[in-house]
Engineer: 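Quick one: structure below, then a few questions.
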Amino acid sequence: MIVVAGEALIDLVPHGAGAPLPALLPRPGGGPYNTALALGRLGADVAFCSRVSDDGFGEALLGGLRAAGVDVSPVQRGPEPTTLAVAAIGADGSAGYGFYAEGTADRLFTLPAALPAGARALALGTCSLVLEPGASAYEALLLREAGCGLFTLLDPNIRPGLIPDADAYRARFAGWLPHVTLLKLSEDDAGWLGGVPKGPDGPEAVVLTRAGAGLSVRTASGREVSVPAAPVTVADTIGAGDTVNAALLHALAARDALSPGALRNLGPDAWHDVLSFAARAAAVTCSRTGAEPPYAAELPAL
């Protein structure tokens, strides 16, 4: 089982190009939520670990996960409202966000006593590792499970407007790296963080997404592999990076590579196939409005 931990929220997506005040359509979202949803749609054995509101938005979020076959038994519930993210879509389909997150349910996540039995990997990232007090609980989960030998994926998915002290966050991020097996960064993330991490004490591999230029990986042993982006007419990029996370984990699981040390043994051909699968999956998501990751039937078999 792959466990995805982090926030579930509602994206308010503009509808009606050119309108001074476009209608905002509510769509399920949040980086970890999208990653779990995408894994479920791909047919992975996946569970979601978070804290979700008892309100109508929270019920809809859990309903979407259940429909995709995601185990939601680790989800904590609370009466606080659901976090809202208002999306602004650029001319190229890129998305920016404004967040309404004060006093919301996902910020009050607490460290669970244990992950579901059979957990092989843990994926975390985005707002959940920024907004306290939940951020400290997610950090403790990462450190505990990495210490137990679990494969860990981290996608910081930087949202600068949510980070009150950039230098403090960068220092905290550097402290996570020895506990991360696979790090996924966008070019924007890497630029904000000061570059792609290097060194023997960091992740076994770093995957960099480069928008229309494709994806690349650099391993701790110095191996580098790149693939082009899959051709697509972009509706928007909401959820594309989260789909990459899911596709990477799903493709690595198919190669029995979800264990610490396994990434060091993947050859260039295997990495090319893994990255190409992730590029194709992300392209499907980009072709649709909002975070709508593909189902397994929409992609070539691994």
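Predicted, not measured: the structure shown is a model, and the values here were computed from it.
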Engineer: Mind checking whether Leu154 and Leu129 have side chains closer than 4.5 Å, heavy atoms only?
Structural biologist: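 Touching, per the 4.5 Å side-chain cut-off.
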Engineer: Quick one: does any side-chain atom of Ser287 pair with a main-chain N or O of Val234 as donor and acceptor, under 3.5 Å?
Structural biologist: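 Not confirmed, Ser287 side chain does not pair with Val234 backbone.
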Engineer: For a side chain to side chain contact (heavy atoms under 4.5 Å, CB included) with Leu131, tell me which candidate from Glu102, Arg107, Arg159 qualifies.
Structural biologist: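 Single side chain to side chain contact (heavy atoms under 4.5 Å, CB included) partner of Leu131 among Glu102, Arg107, Arg159: Arg107.
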Engineer: Does a side-chain heavy-atom distance below 4.5 Å link Ser50 with Pro32?
Structural biologist: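 No - every pair of side-chain heavy atoms lies 4.5 Å or more apart.
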Engineer: Val130: what forms a side chain to side chain contact (heavy atoms under 4.5 Å, CB included) with it, not counting sequence neighbours?
Structural biologist: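 Partners of Val130 by the side chain to side chain contact (heavy atoms under 4.5 Å, CB included) criterion, ordered by chain and then number, come out as Leu162, Ile163, Tyr169.
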Engineer: Decide yes or no for Val227 and Trp271: does some side-chain heavy atom of the first lie under 4.5 Å from some side-chain heavy atom of the second?
Structural biologist: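 No, side chains not in contact.
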Engineer: For a side chain to side chain contact (heavy atoms under 4.5 Å, CB included) check, start with the C-alpha distance between Val206 and Val217, then their side-chain angles and the critical distance, and finish with the verdict.
Structural biologist: CA-CA 6 Å; Val206 180; Val217 65; over 6 Å; no
Engineer: Determine which pairs satisfy ring-ring contact (aromatic ring centres under 6.0 Å, His included) with at least one residue from residues 101-145, sequence neighbours left out, and list them in order.
Structural biologist: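 Listed once each, the pairs are Phe109-Tyr138.
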Engineer: Counting N and O atoms only, with roles assigned by atom type, does the side chain of Ser216 sit under 3.5 Å from a partner on the main chain of Ser226, one being a donor and the other an acceptor?
Structural biologist: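 Judged by distance alone, no pair lies under 3.5 Å.
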Engineer: For a 4.5 angstrom cut-off between non-hydrogen side-chain atoms, does Tyr33 reach Asp242?
Structural biologist: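 The answer is no, as the side chains (C-beta and beyond) never meet within the 4.5 Å cut-off.
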Engineer: Backbone N or O of Thr82 within a donor-acceptor pair of the Asp55 side chain at under 3.5 Å?
Structural biologist: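 A pair under 3.5 Å: yes.
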Engineer: Are there more than 12 heavy atoms of other residues, nucleotides or ligands under 6.0 Å from atom CZ of Phe99?
Structural biologist: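 Yes, enclosed.
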Engineer: With a 3.5 Å distance limit and no angle check, can you tell me whether Arg210 reaches the backbone of Pro228 through a side-chain donor-acceptor pair?
Structural biologist: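 No; zero donor-acceptor contacts below 3.5 Å.
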Engineer: Between atom CG of Asn34 and atom CG of Asn157, what is the distance when rounded to the nearest 0.5 Å?
Structural biologist: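 Between atom CG of Asn34 and atom CG of Asn157 there are 9.5 Å.
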Engineer: Got a salt bridge between Glu204 and Arg218, using NZ or NE/NH1/NH2 to carboxylate O under 4.0 Å?
Structural biologist: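 No, Glu204 and Arg218 are not salt-bridged.
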Engineer: Are Ile238 and Leu84 connected into the same hydrophobic cluster when the rule is that any two of I, L, V, M, F, W, Y join if their side-chain heavy atoms are below 4.5 Å apart?
Structural biologist: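 Shared cluster, no.
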Engineer: If you measure from CG on Leu25 to OG1 on Thr289, what distance do you get to the nearest 0.5 Å?
Structural biologist: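 Answer rounded to 0.5 Å: 9.0 Å.
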Engineer: Give a yes or no on whether Val46 and Leu182 share a hydrophobic cluster (residues Ile, Leu, Val, Met, Phe, Trp, Tyr; joining criterion: side-chain heavy atoms under 4.5 Å apart).
Structural biologist: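 Val46 clusters together with Leu182.
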Engineer: Taking side chain as C-beta onward, heavy atoms only, is Pro293 less than 4.5 Å from Thr35?
Structural biologist: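 Pro293 vs Thr35: side chains apart.
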Engineer: Any side chain to side chain donor-acceptor pair (under 3.5 Å) pairs touching residues 250-269, not counting sequence neighbours?
Structural biologist: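 Listed once each, the pairs are Arg120-Asp256.
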Engineer: Any side-chain heavy atom of Leu24 within less than 4.5 Å of one from Val13?
Structural biologist: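 They are not in side-chain contact.
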Engineer: Between atom CG of Leu249 and atom CG of Leu153, what is the distance when rounded to the nearest 0.5 Å?
Structural biologist: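 So the CG of Leu249 and the CG of Leu153 are separated by 5.0 Å.
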Engineer: Can Asp106 and Arg51 be counted as an ion pair, charged N to O under 4.0 angstrom?
Structural biologist: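 Here Asp106 does not pair with Arg51 in a salt bridge, since their nearest N and O are not under 4.0 Å apart.
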Engineer: Check whether any side-chain N or O of Arg27 sits under 3.5 Å from a backbone N or O of Asp11 as a donor-acceptor pair, and report yes or no.
Structural biologist: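 Checked: no pair found.
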Engineer: About how many Å separate CG of Leu150 and NE2 of His179, when rounded to the nearest 0.5 Å?
Structural biologist: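 Separation between the atoms: 14.0 Å.
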Engineer: If I take atom CG from residue Leu61 and atom CZ from residue Arg66, how far apart are they, to the nearest 0.5 angstrom?
Structural biologist: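 So the CG of Leu61 and the CZ of Arg66 are separated by 10.5 Å.
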Engineer: Are any side-chain N or O atoms of Glu132 and backbone N or O atoms of Ser136, one a donor and one an acceptor, separated by less than 3.5 Å?
Structural biologist: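 Looks like yes, one N/O pair under 3.5 Å.
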Engineer: Measure from the side-chain N and O atoms of Ser276 to the backbone N and O of Asp273, and report whether any donor-acceptor pair falls under 3.5 Å.
Structural biologist: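 Absent.
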Engineer: Quick check for you: to the nearest 0.5 Å, what is the distance between Cys286 atom SG and Asp236 atom CG?
Structural biologist: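 Going from the SG atom of Cys286 to the CG atom of Asp236 covers 7.5 Å.
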Engineer: Using modelled atom types only, decide if a donor and an acceptor are shared between the side chain of Lys184 and the backbone of Gly241 within a distance under 3.5 Å.
Structural biologist: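 Yes: the side chain of Lys184 pairs with the backbone of Gly241.
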Engineer: For a 4.5 angstrom cut-off between non-hydrogen side-chain atoms, does Glu7 reach Thr126?
Structural biologist: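 When only atoms from C-beta onward are counted, Thr126 and Glu7 do touch, with a gap below 4.5 Å.
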Engineer: Determine whether a donor-acceptor pair (N or O, by modelled atom type, separation under 3.5 Å) exists between the side chain of Glu298 and the backbone of Tyr295.
Structural biologist: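 Confirmed, Glu298 side chain pairs with Tyr295 backbone.
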Engineer: What I'd like to find out is whether the side chain of Pro74 reaches to under 4.5 Å of the side chain of Phe48, using heavy atoms alone.
Structural biologist: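 No. Closest side-chain heavy atoms not under 4.5 Å.
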Engineer: Side chains of Ser186 and Asp189: is there a donor and an acceptor less than 3.5 Å apart?
Structural biologist: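 There is such a pair (donor and acceptor under 3.5 Å, judged by atom type) between the side chains of Ser186 and Asp189.
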Engineer: Can we say Arg41 and Glu292 salt-bridge, meaning some charged N sits less than 4.0 Å from an Asp/Glu carboxylate O?
Structural biologist: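 So Arg41 pairs with Glu292 through a salt bridge.
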